[in-house]
Amino acid sequence: MKTTILIAAIFFSGLTFAQEKKQDSVKTKSIEGVTMTKQVFKKQSDRFVYDVAASPVAKGNTTFDLLKQTPLLSTTDDKTLKITGKNNALIYINGRKTNMDAESLTQFLKNTPAENIQKIEVITVPGSEFQVESSDGIINIVLKKKMSDGTSGNMRMSNSQNKYNSSNASFSVNYRKDKLGINANLSGGENINPQTYVLRNRSGNVQNESVGDIDDPNKNLGGYLNVDYQLNDKSNLALSWNSWANRSYNSTIDLLNTITRYDNNDNLLSTDYTRTKNKENARNYNNSLNLNYELKLDSLGSKFNVNAAYLNYKRFQYSDNNTMISDVAGSTSGFSRTGKKIIQDIPQVINNFSGTVDYIQKFKNDFTASIGGNFNKTKTDNDTKNYTYDYIYNDAGQLQLVNLTTDPNHFIYDESIYGAYLTLEKKFSDKFSGKIGARYEITNSLGTSDNAKQPEYQRIERNYNNFLPYLSFNYAINDKNNISYSFSSRMRRPSFWELNPVKNIITQDNYTQNNPFVKASSTYNQELTYMYKNSYFLILNHTYVKDQITQVPLQRSYIDPETNQKRVQLAYIRTNFGDKQEMSAMLGVQKSLFKQYLTLNFNAGVQHNINNGTLNTDPTTGQVFDTYINDRKSTSLVITSNNTLRLDKKKTWFLGVNFFYVDQQQIELGILKDLMSLDLSIKKNWNDWTFAVNVNDVLRTNLVEIEDFQSSGNYNYIRNDQYRRNLTVSITYNFGNQKVKKVRDIESASDAIKNRTR
């Protein structure tokens with residue numbers, strides 16, 4: 001729903017290090033004991049390597065389950081994965097970025113058997129050859145090399161219960177015959193995402209409070225088809241198609257709004273009530289097509305790689321917002337004054353064509369040179385229409401709509417990105433290796449509006465060039481001690497929905513406002529890592545963000561012209577908001593104990609945030625608010641512990657006990673209160689079947705609360721309950737020849753663009 005934009009900003013902006021562990025709503029979270037007869041977790045050059053092939057860890061699990069238990073990884077929303085100290089994690093398979101949008105990628109990971117995985121590589125600071133933005137990291141999933149002709153697949157069904165019941169089902173199949181490989185998946189499900197809100201803010205002598213529920217029904221259907229053909233011993237040609245559809249009809253918001261007025265001595269003067277009921281219908285479609293050609297040049301691993309891709313994304317959103325005068329119980333009958341109706345039609349269409357070329361040359365003296373380029377051409381079409389009515393009673397006592405006002409805005413955004421990179425990597429000895437590289441990017445963008453009220457909105461042109469250097473080294477002091485350092489500079493371009501200058505109305509006095517003037521932010525990352533015995537590690541990280549892109553809560557008091565009463569308005573403005581620094585130190589251990597009956601994955605760290613931003617004007621409308629200042633610092637403690645207990649010698653019963661605690665910390669919107677969650681799971685493996693039961697957030701302590709006090713006296717408070725406590729039962733069946741190699745997963749030329757459609 002439209003309020004998801006607000007909550008996404010609230011939740012993710014402050015949890016870049018929070019490492020919240022939320023259970024997979026479809027699959028089990030139990031992970032089997034890891035065999036420690038070999039180095040299971042180790043540091044190599046620019047990445048951490050988690051080797052799972054020699055253990056029964058993958059049995060009955062999905063790739064998403066396995067990733068959630070991998071050291072340094074976590075999930076905050078059961079969809080996107082995070083690396084410690086990073087905003088997000090991009091998924092690569094066999095060194096190539098997956099050719100999927102965010103939603104279908106989640107389904108792919110949840111429906112891919114973990115038995116196919118050889119190892120998982122966590123790249124905390126990616127090199128110049130990777131197309132990533134901001135402080136994003138990379139998770140590279142390396143599949144097993146076994147090859148045999150045949151067919152394999154799996155079927156999965158699950159049912160989950162929190163406030164509502166949800167169900168999911170999927171079917172995936174892999175086929176290989178000689179030079180041809182085919183990989184396909186079809187999945188779908190139904191759920192209702194419930195949320196409960198308390199929104200409270202005060203400016204001067206007026207306080208506004210909105211309390212109520214949001215229910216968002218969803219129906220999902222998606223799949224992918226990858227066809228890979230080996231032309232000869234040196235070259236492959238592959239075609240990938242991904243499709244995902246979501247329908248969210250009859251999403252509802254029901255909020256009781258209370259306006260309270262006080263005198264200068266804080267004595268109560270008056271109280272008014274309104275009730276907001278919003279109904280929304282939305283649907284979106286995402287289709288992408290990618291053609292890949294790969295040529296192997298020699299036996300050392302040199303290769304030439306070309307991609308061409310097309311992406312089409314469509315979203316249609318229609319909302320009917322009604323705010324009526326009510327009493328304290330929410331009843332809207334019996335009032336001579338009524339309220340307003342606001343209808344919003346907010347479509348978005350994105351078309352993208354992309355191409356990439358990569359040339360990698362390996363030399364016999366452990367030296368590698370990589371050079372390449374990319375091109376992205378994107379056009380977005382946002383034809384927004386707003387209709388506002390007043391409710392009145394006619395002479396017959398019937399409710400009718402009058403005083404129609406319209407506010408259309410047809411915003412078209414064109415963007416072209418040209419990029420080139422050069423990376424040099426050298427292994428100087430068995431102990432020391434290093435990498436140096438740089439990217440150069442040229443961005444040209446133009447936003448136009450056919451019916452903008454202000455001339456400056458009719459044409460917004462931005463052209464900028466960026467030089468982005470990279471440096472890393474790794475030194476193995478001895479067999480037990482390893483140290484590494486990395487530096488990287490990146491850009492973070494705004495998502496396409498952030499540039500669409502649409503106002504999403506929540507209540508009469510609460511809304512979110514996107515901004516076509518948002519410019520790309522710059523991010524500089526430094527990381528120092530020390531590892532001992534491939535089980536214990538210390539990570540020191542520093543991130544500096546210039547022109548941070550975020551939502552800023554602005555409020556003001558005003559006189560309602562209809563009632564001549566003072567009210568207070570709160571707007572969440574999407575914009576660039578000063579600079580931000582994050583410094584973190586984390587100690588971790590990944591170890592198997594008691595003859596592999598207990599697998600321990602424990603992290604404890606401290607994060608220090610430094611915020612520096614000031615804003616008092618909506619850059620899109622020019623509306624002046626009270627000045628909002630966030631120049632505060634905070635230091636917070638973070639603890640995560642993921643433990644798996646094997647209950648029998650045959651390795652068929654497993655108990656999972658997972659816990660996280662995040663101390664309160666300062667984020668852009670205020671102080672994020674502490675978070676905590678305890679998750680339990682039990683799993684049974686029986687031949688090709690896996691049965692699992694998960695209970696998430698057992699103590700019901702995973703609730704988001706944000707509070708902010710300004711020196712001016714302004715106050716803002718948010719409480720969001722997403723009903724994270726739930727019970728999930730799942731059944732998985734694997735069939736066919738489980739040694740079938742997965743078809744090559746090809747990096748799409750449009751992946752960098754897909755990340756910005758989220």
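Here the structure is a predicted model, which means the values were calculated and not measured.
- Closest approach of L231 to K179, counting heavy atoms only: O-NZ, 3.9 Å.
- Between the side chain of S166 and the backbone N or O of E190, no donor-acceptor pair lies under 3.5 Å.
- Within 6.0 Å of atom NZ in K296, 12 or fewer heavy atoms from other residues, nucleotides or ligands are found, so the atom counts as exposed in its surroundings.
- Defined by atom type and a distance below 3.5 Å, a donor-acceptor pair is present between the side-chain atoms of T728 and N726.
- Side-chain atoms of L180 and V227, non-hydrogen and from C-beta on, do get closer than 4.5 Å to each other.
- Between the N162 side chain and the Y723 main chain, a donor and an acceptor come within less than 3.5 Å of each other.
- Within the 4.5 Å cutoff, the side chain of I91 has heavy atoms near those of the I141 side chain.
- Counting heavy-atom neighbours within 6.0 Å of Y249 OH, excluding the residue itself, gives a total above 12.
- Among all heavy-atom pairs drawn from D679 and S677, the shortest one is OD1-OG, 3.1 Å.
- Annotation: cation-pi geometry not satisfied between K314 and Y285 (NZ/CZ under 6.0 angstrom from ring centroid, within 45° of ring axis).
- Side chain to side chain, E129 and T423 meet the donor-acceptor criterion of an N or O pair below 3.5 Å.
- A search for side-chain hydrogen bond (donor to acceptor under 3.5 Å, both in side chains) contacts involving D648 returns T652, not counting sequence neighbours.
- A donor-acceptor contact under 3.5 angstrom links the side chains of Y310 and N351, judged on distance only.
- Looking at N218, its side chain does come within 3.5 Å of a backbone N or O of D216 through a donor-acceptor pair.
- Side-chain atoms of N183 and Y224, non-hydrogen and from C-beta on, do get closer than 4.5 Å to each other.
- Residues N702 and F660 have side chains in contact (heavy-atom distance under 4.5 Å, counting atoms from C-beta outward).
- Looking at S158 and S730, their side chains never bring a donor and an acceptor atom within 3.5 Å of each other.
- Side-chain atoms of D688 never come within 3.5 Å of backbone atoms of F735 as a donor-acceptor pair (strictly under, hydrogens ignored).
- With no hydrogens or angles considered, no side-chain donor-acceptor pair links N174 and R176 at under 3.5 Å.
- Listed for the S302 side chain is a donor-acceptor partner under 3.5 Å among the backbone atoms of K362.
- Atom CG of N232 sits in a crowded spot, with more than 12 heavy atoms from other residues, nucleotides or ligands closer than 6.0 Å.
- R646 places no side-chain N or O within donor-acceptor distance of the main-chain N or O of F654, the cut-off being under 3.5 Å.
- Side-chain contact annotation: S167 with N159, donor-acceptor N/O pair under 3.5 Å absent.
- Under a 3.5 Å cut-off, the side chain of N352 and the backbone N or O of K377 do form a donor-acceptor pair.
- In this structure, the ring pair (Phe, Tyr, Trp, His ring centres under 6.0 Å) partners of Y733, at least two apart in sequence or on a different chain, are W689.
- A heavy-atom distance below 4.5 Å is found between the side chains of F48 and M531.
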